[in-house]
S.K.: 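Dropping a structure here in structure tokens format, bear with me for questions.
To find a chain, count down the sequence lines: A is the first, B the second, and so on, and within it residues start at 1. As the structure is a computational prediction, the values presented were derived from the model and not from experiment.
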Amino acid sequence: MKYESRIMEAKWQKKWEEAHIFEAQDDFSKKKFYALVEFPYPSGSGMHVGHIKAYSGMEVISRKRRMEGYNVLFPIGFDAYGLPTENYAIKTGIHPRAVTDKNIERFTEQLKRVGFSFDWSRVIDTTEEGYYKWTQWIFLQMFEKGLAFRDTTLVNYCPSCKVVLSNEDSQGGKCDICKSDVIQKAKDVWYLRITEYADKLLEGLEEVDYLPNVKLQQRNWVGKSTGAFVNFSLKGCDEKLRIYTTRPDTLFGVTFMVIAPEHPLIEKYSQSIANMDALTAYKDECAKKTEFERTQLVKEKTGVRIEGISAINPLNGKEIPIYISDYVMMGYGTGAIMAVPAHDERDYDFAKKFGIDIIPVIKGGNIEEGAYTGDGEMINSSFLDGMTNKKDSIARVIAFLEEKGIGEGGVQYKMKDWAFNRQRYWGEPIPVVYCDDCGMVAVPYEELPLRLPPMQDFKPGEGGESPLASLESFVNCACPKCGKKARRETDTMPQWAGSSWYFLRYIDPHNTDALADKEKLNYWMPVDWYNGGMEHVTRHMIYSRFWHKFLYDIGAVPCAEPYAKRTAQGLILGTDGEKMSKSRGNVVDPNLVVDEYGADVLRLYILFMGEYEKAAPWSENGVKGCKRFLERVAALTDIMTNGEGKLTTSTHKLIKKVSSDIEAMKFNTAIAAMMGYLNEVSEAGTISKDELLIFVRLLCPFAPHIAEEMWETLGMKGFCSMAEWPVHDEAKTVDSTVEMAVQINGKLRATIVLPLNADREAALAAAKAESRVASALEGKSIVKEIVVPNRIVNIVVR
RNA sequence: GCGGGUGUGGUGGAACGGCAGACACGCUGGUCUUAGGAACCAGUUCGCAAGAGUGUGGGUUCAAAUCCCACCACCCGCACCA
């Protein structure tokens, strides 16, 4: 048989589609397997090979599961709301709807050409009404429960995209879309109260099987810390200054306090402050700094003392100064800290620069040299003196604070609530109405979906408001509660809304009465195995776990965690070893590879190029190698014999190796083993039909088109894709003879061939009979003889 | 700074503490061809050799790429989080 990719691929892709073999059945009596990959954003540039790699892992596993008899759900869809499409539409004047449809069509065609075994009957599109109706439904559920709310705070704002961004969307102080510097701006925005789920998000990690670094990154992102809130009395005004600290045990060492430059205290008591000019000047200076300057470059502490107001240490009554400094952030804790220079490096630096007292309260350090952050005996601390256990001291202080009513234990999270609205057109409209009398009113459920109205001009407004704000017919409406004239919310949801629950919709994509049928959810959830990119770990993964946990709490889904297992693929780099990007011009188009070499070759090479979880550079020559392999595989039908096979042991070893490697996502070594087997067959010059049928089935998840073609050529009925996965016989994986290494003092001197499980004496005798061994032993005395059966003989001589 | 990871031929990469370099690329030589940027065959860690060899230096062990300690380099997160 010859390897003719074009003919085979067209033929089998058509047959698969006509037979619907990859469509999941809602047959609850079968054992199920739900495999999930991150659905693509259908960008204008089409797919690149990175997409193919991202899907190839679960593709192989799904195909293997089907052959093992599982009812497999392996769906695909499109996460189609988002800024790039809208920006493209603004530039070209083509409506985002049209652009999206065209892009989805192109992506679909590309995916199909690779021969992925997706269930195409369940495709979803987050911008489709039947889908976003339920995105809005979930939002309203959250709104009802107080988890969706409006608040005026400092938010991340991208001046270039003219949108508010969530913390997750502005990691590193850069806009996720255009990479420009994000600024902090006070704005009245929608939030989802994800912080209320912070503990649940942490606890849930205990019960799931995620890659360790995925769990770690999520834990860090949530960033839970435990400590205490303390209220310091102020001299000069009658308010308390509330701070958060993780080290209340060092309270006797507090010699000053620091508040963030934006702290409201300053404005509020400007009358009592003698140096407002200096404070305002400092504040302005800080506001001008970019995130980068503030966090990366600044080593030297800066700040200004507030004249006219000071604080009282609640434990010892000492009067201490208050400073403003940008090393304290308004966004974390209370925006104010108690400074303990003896035991905190930042406070130490600040105290040194401003000549503030440094009082040690824990034995062990040297305040001339620096802050001591270790443990030790408490000193200078009144009732804490002599205590040596940090935990006990902290508990003691918190008990004291609570008793006296000057503070209490508490926790803080780095994670912030999810800034949820975008001043953009191409997103799900937020289904809320503003009524002068009734305030914020939810759009009634029966009116969902609240449709995104068609518009001609969807450029953002001059004042940074959503394009929808200019559409009177959309904005003006009747209040659902009182019927009076009211106005609609005109902002839309962020891109991450649709993807926060899409895995649920695949289970029942056409349901009009619920986001998915309960019975079906019971059967299919949770997702058994989810593979995707590391870049989504602190964003999509966190968001979707949050939504899912909320849905679980309101009884809409049957399990607390959506994903039982999570793995991640590494990037495909350009041939230059750099990340693929349009600007570098090193992007590889999968279509061209399919055209020239075939889909099976592309699939095989992507999984063979290196460890699945690691980044690896593209190599055209590597692709050719995989093509050669498939050509040689196709030719096996020419040398096949009908008799007894001679490769029993190798065949069973191969079944074992390929089966276990697939489970461990070690696709590269699974393929290498198949290549090795082929080399062995070539050397033997023969393969039996039974052996070839096994080989073809093992190859099928990787290169399904050629596998099907060979299956048919060998006279088999049905699809190879649905054939039974071979099972190895452990007894048959063992050779009757073994080659053992013989070492003298740990150095290899010879190899011997012995029957399996030969005893110690036989092994030693055979070893000593080797001439190189004998000559090495000559004139030496044997100190020790080690024999590890079937492995090694090591003779220690002197 | 903190946390995590990775260092193996010319290249991508294999190796339950037990024969380092599987598999593939590339390269060299050959066969076949009008031709070869096709296909096939042989060779290919370095070194003429003794021997050496898995980032560096120690250690444990009969035996270390693998385990332990210190260091170096690179990559990825987080980053003045109180």
S.K.: Would you classify A:Asn745 as touching base, sugar-phosphate or nothing, given that sugar-phosphate means primed atoms plus P, OP1 and OP2, and contacts are heavy atoms under 4.0 Å?
M.R.: nothing

S.K.: Can you tell me which stems RNA chain B forms, taking runs of 3 or more consecutive Watson-Crick or G-U pairs with both distances under 3.5 Å?
M.R.: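 Counting only runs of 3 or more consecutive pairs, the stems involving RNA chain B are B:1-7 with B:72-78, B:10-12 with B:23-25, B:26-31 with B:39-44, B:55-59 with B:67-71.
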
S.K.: Would you kindly give the CZ-to-C1' distance between A:Arg219 and B:G4, to the nearest whole Å?
M.R.: 13 Å

S.K.: Rounded to the nearest Å, what distance is computed from the CG atom of residue A:Asp344 to the C1' atom of nucleotide B:G1?
M.R.: 13 Å

S.K.: If you take any heavy atom closer than 4.0 Å to RNA chain B, which residues from residues 606-629 of chain A end up in contact?
M.R.: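 The stretch gives A:Phe608, A:Met609, A:Glu611, A:Ala615, A:Asn621, A:Gly625, A:Arg628 as the residues lying under 4.0 Å from the strand, ordered by number.
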
S.K.: In whole Å, what separates the C1' atom of B:U56 from that of B:A50?
M.R.: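 26 Å, rounded to whole Å.
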
S.K.: Between B:U8 and B:A65, how far apart are the two P atoms, rounded to whole Å?
M.R.: 14 Å

S.K.: Once you apply a heavy-atom cut-off of 4.0 Å, does A:Val783 come out as touching a base, just sugar-phosphate, or nothing?
M.R.: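 A:Val783: no heavy atom of the nucleic acid under 4.0 Å.
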
S.K.: Of the candidate nucleotides B:C19, B:G13, B:C80, which contains the atom at the shortest distance from the side chain of A:Thr751?
M.R.: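 That would be B:C19.
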
S.K.: Can you name the closest pair of heavy atoms from A:Tyr605 and A:Val623 and give their distance?
M.R.: CD2-CG2, 3.5 Å

S.K.: Does A:Tyr244 make a side-chain N or O approach to OP1 or OP2 of B:A82 shorter than 4.0 Å?
M.R.: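 No.
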
S.K.: For A:His540 and A:Glu38, which I'm curious about, is there any donor-acceptor pair between the side chains at under 3.5 Å?
M.R.: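 No.
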
S.K.: Considering all heavy atoms of both residues, which atom of A:Ala763 and which atom of A:Val793 are nearest to each other, and what is their separation?
M.R.: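 That would be CB-CG2, 4.1 Å.
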
S.K.: Where does B:G58 land, syn or anti, once you apply the within-90°-of-0 test for syn?
M.R.: anti

S.K.: Remember a base hit wins even if backbone is also touched, and classify A:Val788 as base, sugar-phosphate or nothing at under 4.0 Å, heavy atoms.
M.R.: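 Result for A:Val788 = base.
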
S.K.: Can you find a donor-acceptor N/O pair under 3.5 angstrom joining the side chain of A:Glu785 to the base of B:C62?
M.R.: no

S.K.: Mind checking if A:Asn679 touches a base, just sugar-phosphate, or nothing, with heavy atoms under 4.0 Å?
M.R.: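 Sugar-phosphate contact only.
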
S.K.: What does A:Lys666 touch in the nucleic acid at a heavy-atom separation under 4.0 angstrom: a base, only the sugar-phosphate, or nothing?
M.R.: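 Result for A:Lys666 = sugar-phosphate.
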
S.K.: Nearest whole Å is fine: how far is B:G77 P from A:Leu571 CG?
M.R.: 10 Å

S.K.: For A:Met740 and B:G18, give me the distance from atom CE to atom C1', rounded to whole Å.
M.R.: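 My rounded result for the distance is 10 Å.
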
S.K.: What is the nucleic acid contact for A:Leu216, judged by heavy atoms within less than 4.0 Å: base, sugar-phosphate only, or nothing?
M.R.: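 Since only primed, P, OP1 and OP2 atoms lie under 4.0 Å of A:Leu216, the category is sugar-phosphate.
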
S.K.: Of the candidate nucleotides B:C19, B:G77, B:A82, which contains the atom at the shortest distance from the side chain of A:Leu748?
M.R.: B:C19

S.K.: Taking A:Asn757's backbone N and O only, do any of them form a donor-acceptor pair with A:Asn790's side chain (distance below 3.5 Å, no angle check)?
M.R.: yes

S.K.: Side-chain atoms of residues 666-678 of chain A: list all donor-acceptor pairs with protein atoms under 3.5 Å, sequence neighbours left out, distances to 0.1 Å.
M.R.:
| unit_1 | atom_1 | unit_2 | atom_2 | d |
| --- | --- | --- | --- | --- |
| A:Thr669 | OG1 | A:Asp661 | OD2 | 2.8 |
| A:Thr669 | OG1 | A:Lys666 | O | 3.0 |
| A:Tyr677 | OH | A:Thr651 | OG1 | 2.7 |

S.K.: If I take atom OG1 from residue A:Thr737 and atom CG from residue A:Leu756, how far apart are they, to the nearest 0.5 angstrom?
M.R.: 8.5 Å

S.K.: Work out how far the P atom of B:U54 is from that of B:C67, and round it to whole angstrom.
M.R.: 15 Å

S.K.: Rounded off to whole Å, could you give me the NZ-to-P distance for the A:Lys579 and B:C75 pair?
M.R.: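 Going from NZ in A:Lys579 over to P in B:C75 covers 14 Å.
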
S.K.: Consider the side chain of A:Arg632, meaning its heavy atoms from C-beta on, and name the nucleotide among B:A24, B:G13, B:G77 that approaches it most closely.
M.R.: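 Ranking B:A24, B:G13, B:G77 by closest atom to the A:Arg632 side chain puts B:A24 first.
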
S.K.: If you look only at distance, which donor and acceptor atoms sit under 3.5 Å apart when one is on a side chain in residues 249-259 of chain A and the other is two or more places apart or in another chain?
M.R.:
| unit_1 | atom_1 | unit_2 | atom_2 | d |
| --- | --- | --- | --- | --- |
| A:Asp249 | OD1 | A:Arg247 | NE | 3.1 |
| A:Asp249 | OD2 | A:Arg247 | NE | 3.4 |
| A:Asp249 | OD2 | A:Arg247 | NH2 | 3.0 |
| A:Thr250 | OG1 | A:Arg247 | O | 2.8 |
| A:Thr255 | OG1 | A:Asp357 | O | 2.8 |

S.K.: Taking the side chain of A:Tyr327 as heavy atoms from C-beta outward, which of B:G4, B:G18, B:C80 is closest to it?
M.R.: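 It is B:C80.
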
S.K.: From the set B:A22, B:A82, B:G77, return the single nucleotide nearest to any side-chain atom of A:Ala672.
M.R.: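 For A:Ala672, the side-chain atoms sit closest to B:A22.
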
S.K.: Test of understanding: with side chain to side chain contact (heavy atoms under 4.5 Å, CB included), list the residues that count as partners of A:Asp375, not counting sequence neighbours.
M.R.: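 Only A:Lys390 meet the side chain to side chain contact (heavy atoms under 4.5 Å, CB included) criterion with A:Asp375.
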
S.K.: How far apart are the closest heavy atoms of A:Ala776 and A:Ile744, and which atoms are they?
M.R.: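 For A:Ala776 versus A:Ile744, the nearest heavy atoms are CB-CG1, 4.1 Å.
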
S.K.: Indicate, with a heavy-atom threshold strictly under 4.0 Å, whether A:Gln743 touches base, sugar-phosphate, or nothing.
M.R.: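 Contact class for A:Gln743: base.
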
S.K.: What's the CG-P distance between A:Leu211 and B:G3, to the nearest Å?
M.R.: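 So the two atoms are 21 Å apart, to the nearest Å.
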
S.K.: How many whole angstroms separate atom NZ of A:Lys2 from atom P of B:A39?
M.R.: 12 Å

S.K.: With sequence neighbours excluded, tell me which residues meet salt bridge (charged side-chain N to carboxylate O under 4.0 Å, His left out) with A:Lys353.
M.R.: A:Glu300

S.K.: Expressed in angstrom and rounded to an integer, what is the separation of A:Ile752 atom CD1 from B:G18 atom C1'?
M.R.: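 From A:Ile752 CD1 to B:G18 C1': 13 Å.
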
S.K.: With respect to the side chain of A:Asp326, which nucleotide from B:G4, B:G18, B:C80 is positioned closest?
M.R.: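 Taking heavy atoms from C-beta onward, the closest nucleotide is B:C80.
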
S.K.: Before giving the answer on side chain to side chain contact (heavy atoms under 4.5 Å, CB included), spell out for A:Phe350 and A:Ile356 the whole-Å C-alpha distance, their side-chain angles and the decisive distance to 0.1 Å.
M.R.: CA-CA 8 Å; A:Phe350 194 89; A:Ile356 306 166; 4.1 Å; yes

S.K.: Kindly indicate whether the side chain of A:Lys414 and the base of B:C78 share any N or O donor-acceptor pair separated by less than 3.5 Å?
M.R.: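 No such pair is found, so the answer is no.
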
